[in-house]
Amino acid sequence: MGVSVSMLASGSRGNCAIVASACTKILVDAGISGRETFKRMKSLGEDPHSLSAILITHEHCDHVYGLATLAKKLRIPVFMTLATQQAWARALRDENGVRPQLEKWERFESGHSFQVGDIAVKPFTIPHDAVDPVGFTFRAEGIKVGIATDLGYLPVSVRDHLRGCDVLVMESNHDVEMLRVGPYPWSVKQRVMSRVGHLSNESLANFFTNDYDNSATFVVLAHLSQENNHPEIARREAEKALAMRGGLFQNRVLLASQSEALTPICL
Ligand SMILES: [Zn+2]
Ligand SMILES: [Zn+2]
């Protein structure tokens, strides 16, 4: 049956994806409500109760908004680092300081692989302003999937992890010029542009031109800013960069959307 990747939602209002093999189904981030996650899975013909586990990249709201509800409803293991779990629980304290509990919390550490069913997961550190943010690669049935969003730049270590991916989900957050002249206050612009902010179309294009190994059959542009980017600009920049390397025909470029699930990518 192979491996599939379904982008349920992507952007600053919520991120959620599924990486699945024939017998294991992993939800990567839970940034939309439980109800919306169920709805989008059903729109793809997927049963939410068939999920095996939830993996969390970092504690920002657009990655954990639906986590408490989903964990409670599905009663499946939730994989997070210790620091991320603590930050998440701290943010959800009630008025008496009581923190929410996860029934099945599985702790992982960045840099250390672990297994979920027949999928081998490798979390790696990314530069972002969260307590312990990670990207992931997934391997099953000879297929490798890489997910790297919410990162200010692409350090050599991250580039190394992303080699050999058959599906590459990359942040293409903003167009630098649109961000510069756009509506955000200067402090926010600085945050987004910083080394621990978000990856621009230009930085991603730079990676494609100079460092990318042309291995992916599908490249998914993700976490696009609604204010400071336009899907067609992001696509054009990525395709131009891939074409420069002669790799456009090997790499199909797809755009993940905030408002609806993308047709699953199957390999
Ligand atoms: Zn985010
Ligand atoms: Zn974030």
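If you're wondering where the values come from, they're calculated on a predicted model, not measured in any experiment. These values consider heavy atoms only, across backbone and side chains, with no hydrogens, waters or symmetry-generated copies. For ligands, and for the atoms within them, numbers begin at 1 and follow the listed sequence.
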Engineer: By atom name, which N, O or S atom belonging to Asp150 lies closest to the Zn ion (ligand 2)?
Structural biologist: OD2

Engineer: If you stand at the Zn ion (ligand 1) and look out to NE2 of His63 and NE2 of His223, what angle do those two lines make, to 10°?
Structural biologist: 110°

Engineer: Cation over ring, Arg252 on Phe218, under 6.0 Å and within 45°?
Structural biologist: no

Engineer: Are the aromatic rings of Phe108 and Phe79 close, with centres under 6.0 Å apart?
Structural biologist: no

Engineer: Under 2.8 Å from the Zn ion (ligand 2), is there an N/O/S atom belonging to Asp62?
Structural biologist: no

Engineer: If I take the Zn ion (ligand 2) as the centre, what angle separates the NE2 atom of His128 from the ND1 atom of His60? Nearest 10 degrees is fine.
Structural biologist: 90°

Engineer: Does a side-chain N-to-carboxylate-O contact under 4.0 Å join Asp211 and Arg163?
Structural biologist: yes

Engineer: Of the options His223, His174, His60, which is the one that meets His198 in a ring pair (Phe, Tyr, Trp, His ring centres under 6.0 Å)?
Structural biologist: His223

